Amino acid sequence: MIRLFYGILFICCCGVLAVLYALAAQMGIADLLGALLTEETRFALKLSLATSVSSVGISTGLGLPVAYLMARRRFPGKFVVDSLLDIPMVMTPLVTGMGLLFLLGPNIAGQWIQKTGIDFLFTPAGAVLAQTFIATPLVIRSGRVTFEGIDEKYEQAGAMLGLSDARVFCFIVLPMARNGILAGAVLAWARTLGEFGATLMVAGASRMRTETLPIAVYLNLTSGEIELAVACAWLLISLGLVLLMVLKWLGVRQKVRQY
């Protein structure tokens with residue numbers, strides 16, 4: 001049985017290596033470096049980092065209070081609310097983006113949003129909105145698990161010492177949940193960096209305007225510019241690998257602290 005498991009493990013590893021080899025075989029190192037230095041690739045990288053960092057910051061600010069409330073409080077309809085918050089995680093990004101597109105259109109909320117001077121459709125702001133919608137449920141879910149793992153006695157002790165709920169949350173709960181919150185934020189960041197479907201529907205696919213790295217891969221692949229598409233793909237892989245290493249490091253730190 002164990003030999004069978006090792007065989008399956010070998011097949012999985014070979015599958016990953018085969019995909020990486022297929023990408024690497026498309027161009028040489030010199031061509032790859034040249035493609036990475038083009039203006040379009042640099043624009044896509046900067047926009048991806050800007051939109052993903054912004055969306056993770058917003059989703060963390062929105063998600064942590066909700067996660068804490070879901071972990072610590074009981075209220076009527078909590079099961080329904082919990083299920084509702086999970087719906088974005090089971091919706092395909094393309095359908096999510098389509099819903100946002102219709103919502104922000106002139107027939108529903110678009111006419112009121114335009115009065116504020118903010119234009120989401122086919123702009124970088126739309127990419128941030130789409131990525132935030134995708135990332136927030138991940139932050140809520142990971143934050144809730146983290147908060148549920150913290151003994152409530154620490155919060156009760158803080159309350160007995162006269163601390164307000166806000167101080168208990170900021171100075172007791174958040175420091176204890178730091179690693180879990182960071183892990184959730186990193187996971188959400190990795191998700192937003194690779195987000196394509198919802199971003200495409202809301203922000204569009206305009207070169208040098210709403211061109212994130214996934215959009216750049218799509219645009220260059222469909223137009224036959226394989227070198228630029230592969231270069232952007234390798235940037236995504238590299239960023240994802242860095243975030244994966246951060247997640248593993250946070251996991252190791254958490255285990256060390258437990259012991």
Side-chain angles (χ1 to χ4, degrees), residues 35-64 88-89 91-105 109-110 113-114 116-143 181-222 228-244 246-247:
L36 290 173
L37 295 177
T38 62
E39 183 181 1
E40 183 178 350
T41 304
R42 287 186 281 112
F43 177 87
L45 175 60
K46 291 178 182 178
L47 184 61
S48 286
L49 291 175
T51 57
S52 62
V53 170
S54 299
S55 61
V56 169
I58 297 171
S59 61
T60 301
L62 295 173
L64 289 183
M89 291 195 295
M91 292 173 64
T92 61
L94 193 63
V95 173
T96 298
M98 185 170 63
L100 289 173
L101 178 64
F102 293 155
L103 175 64
L104 299 172
I113 294 176
Q114 287 181 353
T116 66
I118 302 175
D119 191 7
F120 287 107
L121 292 182
F122 311 116
T123 65
V128 174
L129 177 64
Q131 292 172 9
T132 300
F133 193 89
I134 295 294
T136 301
L138 296 176
V139 174
I140 293 174
R141 182 57 55 187
S142 61
I181 292 172
L182 287 175
V186 171
L187 184 62
W189 192 7
R191 180 68 183 81
T192 56
L193 275 173
E195 166 50 37
F196 173 72
T199 304
L200 177 65
M201 295 297 294
V202 180
S206 302
R207 289 187 187 272
M208 306 296 290
R209 177 171 170 79
T210 61
E211 188 178 8
T212 60
L213 284 173
I215 297 295
V217 172
Y218 167 75
L219 288 175
N220 288 299
L221 193 61
T222 54
L228 286 177
V230 172
C232 293
W234 276 111
L235 279 176
L236 281 172
I237 293 172
S238 301
L239 290 172
L241 184 60
V242 170
L243 293 177
L244 179 62
V246 172
L247 272 175

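Quantities reported herein were computed from a predicted structural model and do not represent experimental measurements. When reading the values below, keep in mind they use all heavy atoms of this one structure, side chains included, and skip hydrogens, waters and symmetry mates.
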(message) Just so I know, are the side chains of N220 and R207 near enough to count as touching, which here means a heavy-atom distance under 4.5 Å?
(response) yes
(request) Locate the shortest heavy-atom distance separating A188 from L138; write the atom from each residue and the value. (result) CA-CD1, 4.3 Å
(request) Mind listing the closest non-hydrogen atom pair of C232 and A216 along with its distance? (result) SG-CB, 3.6 Å
(message) Treating E195 as the side-chain partner and G197 as the backbone partner, does any N or O pair qualify as donor plus acceptor under 3.5 Å?
(response) yes
(request) Taking the side chain as every heavy atom from C-beta outward, state whether P88 and I134 have any atom pair closer than 4.5 Å. (result) no
(request) Taking the side chain as every heavy atom from C-beta outward, state whether I215 and T210 have any pair of such atoms under 4.5 Å apart. (result) no
(message) Could you tell me if the side chain of L239 sits less than 4.5 Å from the side chain of L45, heavy atoms only?
(response) yes
(message) I need the minimum non-hydrogen distance between S52 and S55, along with the two atoms involved.
(response) O-OG, 2.9 Å
(request) Would you mind reporting whether R191 and P93 have side-chain heavy atoms less than 4.5 Å apart? (result) yes
(request) Start with the C-alpha distance between L129 and L104, add both sets of side-chain angles, then the distance that settles side chain to side chain contact (heavy atoms under 4.5 Å, CB included), and finish with yes or no. (result) CA-CA 11 Å; L129 177 64; L104 299 172; 3.5 Å; yes
(request) Measure across L47 and P124 and return the closest heavy-atom pair with its distance rounded to 0.1 Å. (result) CD1-CB, 4.1 Å
(message) Please check: side-chain N/O of T136 versus main-chain N/O of F133, any donor-acceptor pairing under 3.5 Å?
(response) no
(message) Please check this pair: side chain of R42 against backbone of L37, looking for a donor-acceptor N/O pair closer than 3.5 Å.
(response) yes
(message) Tell me the closest heavy-atom pair linking A205 and L200, and the distance in Å.
(response) CB-CD1, 3.6 Å
(request) Give the intermediate values and the outcome of side chain to side chain contact (heavy atoms under 4.5 Å, CB included) for residues I140 and M89. (result) CA-CA 11 Å; I140 293 174; M89 291 195 295; over 6 Å; no
(request) Count the heavy atoms belonging to other residues, nucleotides or ligands that lie under 6.0 Å from OH of Y218, then report whether that count exceeds 12. (result) no
(message) Less than 4.5 Å apart, side chain to side chain, heavy atoms only: is that true for T192 and T51?
(response) no
(request) State whether the side chain of S48 and the backbone N or O of L213 hold a donor-acceptor pair below 3.5 Å, judged by distance alone. (result) yes
(request) Keeping the roles fixed (side chain from T60, backbone from V56), state whether a donor-acceptor pair exists under 3.5 Å. (result) yes
